[in-house]
K.L.:
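Here it is: the structure, laid out below.
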Amino acid sequence: MTKLRAAITGVGGYVPDYILTNKELETMVETSDEWITTRTGIKERRILKGENQGVSILGINAVKEMIEKTKVDPKEIDLLIFATVTADMTFPATANIVATAVGATNAFSYDISAACSGFLFALTTGASFIESGMYKKVVVVGGDKMSAILDYRDRTTCIIFGDGAGCVLLEPTTEDVGVIDSILKSDGGGESYLHMKAGGSRMPATHAPVEARQHFVYQEGSAVFKFAVTNMAEVSAQLAERNNLTADDIAWLVPHQANKRIIDATANRVGITEDKVMMNIDRYGNTTAGTIPLLLWDYEKQLKKGDNLLLAAFGGGFTWGAALLEF
Ligand SMILES: CC(C)(COP(=O)(O)OP(=O)(O)OC[C@H]1O[C@@H](n2cnc3c(N)ncnc32)[C@H](O)[C@@H]1OP(=O)(O)O)[C@@H](O)C(=O)NCCC(=O)NCCS
């Protein structure tokens with residue numbers, strides 16, 4: 001029997017209008033445009049403003065754009081997966097809210113929580129449903145409203161993250177394109193370095209954790225940096241090697257946008273030159289599960305059929321992984 005693969009047949013994205021620049025951050029915490037630019041590569045990030053605006057708004061706009069571009073009938077969507085750590089509510093899943101809002105009334109839907117690796121985890125999951133022959137149209141969304149869980153008094157975290165979401169449509173193909181291979185990893189030992197302590201079932205919302213500012217992102221930046229550099233680079237190299245791909249065979253590296261120095265280290269390890277590295281960290285910062293689909297969205301016009309894309313991510317959990325796509 002011919003092997004089914006999951007091809008990417010549509011891409012969508014959305015970033016909110018408000019631009020939070022490094023200059024504005026200088027007025028909020030003790031930092032400088034120069035420090036942020038040289039240490040991270042970030043110049044500005046987008047922020048979703050307004051009351052009652054959850055991450056679903058970002059996802060809905062991204063999926064609607066994809067639907068408009070591809071002309072896919074939303075009623076034909078079988079499954080919608082939303083990777084996020086900033087769900088609108090603990091439950092229901094944000095994926096359900098998005099699916100209903102875009103008219104995907106025949107889809108079932110659920111969220112995946114894998115922080116910055118969320119999109120890769122969701123992509124591999126969605127692709128598996130297509131490859132098994134079970135479903136024909138799967139939408140994979142990755143996005144976060146990081147501004148909702150950032151402490152704008154903590155200069156070590158608030159300068160890094162931003163809000164945004166992107167999505168892809170997966171459909172079956174018998175051609176040798178689409179999601180070819182992936183390596184996904186998790187290590188719960190990373191919990192102490194990067195987490196949000198309060199608001200879950202271990203430490204439900206009460207005055208005490210709010211006063212202790214434990215409902216915000218906590219990160220030991222330099223420790224996370226070391227894990228990210230090693231693991232993201234290693235898994236990318238492993239995936240390329242096991243698919244017999246040299247740097248010349250890879251059209252684009254699509255790395256999670258956490259820090260330009262981590263991206264450069266990953267590119268070096270795989271031997272990929274800077275002109276083949278997708279990058280928009282300067283404009284959006286780290287949108288957690290949103291970075292990889294937002295790169296695909298930004299670079300969509302430059303992609304050609306048959307291009308090999310090496311996707312790589314590292315994030316809270318710890319979680320990390322790489323995926324190989326033939327566009
Ligand atoms: C957070 C990060 C940018 C910090 O950069 P760094 O080079 O590691 O900096 P350090 O944490 O070692 O801090 C160096 C100094 O800069 C200071 N500093 C931290 N944030 C600052 C800021 N926004 N502005 C100015 N100074 C700052 C620190 O207080 C420290 O000062 P000290 O030497 O007087 O103690 C970097 O560690 C990083 O990107 N980590 C990984 C993030 C990531 O990948 N997350 C996972 C995916 S979500």
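For the numbers below, each heavy atom of this structure counts, side chains included, while hydrogens, waters and symmetry mates do not.
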K.L.:
Flag the pair Arg269 and Glu234 as a salt bridge only when some basic side-chain nitrogen lies within less than 4.0 angstrom of an acidic carboxylate oxygen.
P.N.:
yes
K.L.:
With a cut-off of 6.0 Å (strictly less than), are more than 12 heavy atoms of other residues, nucleotides or ligands near CG of Asn52?
P.N.:
no
K.L.:
Compare every heavy atom of Asp144 with every heavy atom of Leu58, then report the nearest pair and how far apart it is.
P.N.:
CD1-O, 3.5 Å
K.L.:
How many angstroms lie between atom CD1 of Ile8 and atom CG of Leu169, to the nearest 0.5 angstrom?
P.N.:
9.5 Å
K.L.:
Without placing hydrogens or testing angles, list every side-chain donor-acceptor pair under 3.5 Å for residues 312-321, not counting sequence neighbours.
P.N.:
{"residue": "Thr319", "atom": "OG1", "partner": "Ala114", "partner atom": "O", "Å": "3.0"}
{"residue": "Thr319", "atom": "OG1", "partner": "Ser117", "partner atom": "OG", "Å": "2.9"}
{"residue": "Thr319", "atom": "OG1", "partner": "Gly316", "partner atom": "O", "Å": "3.1"}

K.L.:
In sequence, state the C-alpha distance, the side-chain angles, and the governing distance for Glu44 and Leu25, and then conclude on side-chain contact (heavy atoms from CB on, under 4.5 Å).
P.N.:
CA-CA 9 Å; Glu44 57 189 44; Leu25 279 168; over 6 Å; no
K.L.:
Give the ring-plane orientation class for Tyr135 versus Phe129, where under 30° counts as parallel, over 60° as perpendicular and anything between as tilted.
P.N.:
tilted
K.L.:
Distance check, rounded to the nearest 0.5 Å: Asp249 atom CG versus Asn243 atom CG?
P.N.:
10.5 Å
K.L.:
State the NZ-OG1 distance between Lys3 and Thr174, to the nearest 0.5 angstrom.
P.N.:
12.0 Å
K.L.:
Can you tell me how far apart OG1 (Thr291) and CE (Met278) are? Round to the nearest 0.5 Å.
P.N.:
12.0 Å
K.L.:
Using a strict 4.0 Å threshold on nitrogen-to-oxygen distance, state whether Lys69 and Glu300 make a salt bridge.
P.N.:
yes
K.L.:
Charged N to carboxylate O under 4.0 angstrom, Lys136 versus Asp78?
P.N.:
no
K.L.:
Report yes if some heavy atom in the side chain of Arg153 is under 4.5 Å from a heavy atom in the side chain of Phe216; otherwise report no.
P.N.:
no
K.L.:
Scan Thr31, Leu20, Val29, Asp151 and name whichever one has a side-chain contact (heavy atoms from CB on, under 4.5 Å) with Cys158.
P.N.:
Val29
K.L.:
I need the Ile160 CD1 to Thr288 OG1 distance, nearest 0.5 Å.
P.N.:
9.5 Å
K.L.:
Salt bridge or not for Asp298 and Arg283, using N-O below 4.0 Å?
P.N.:
yes
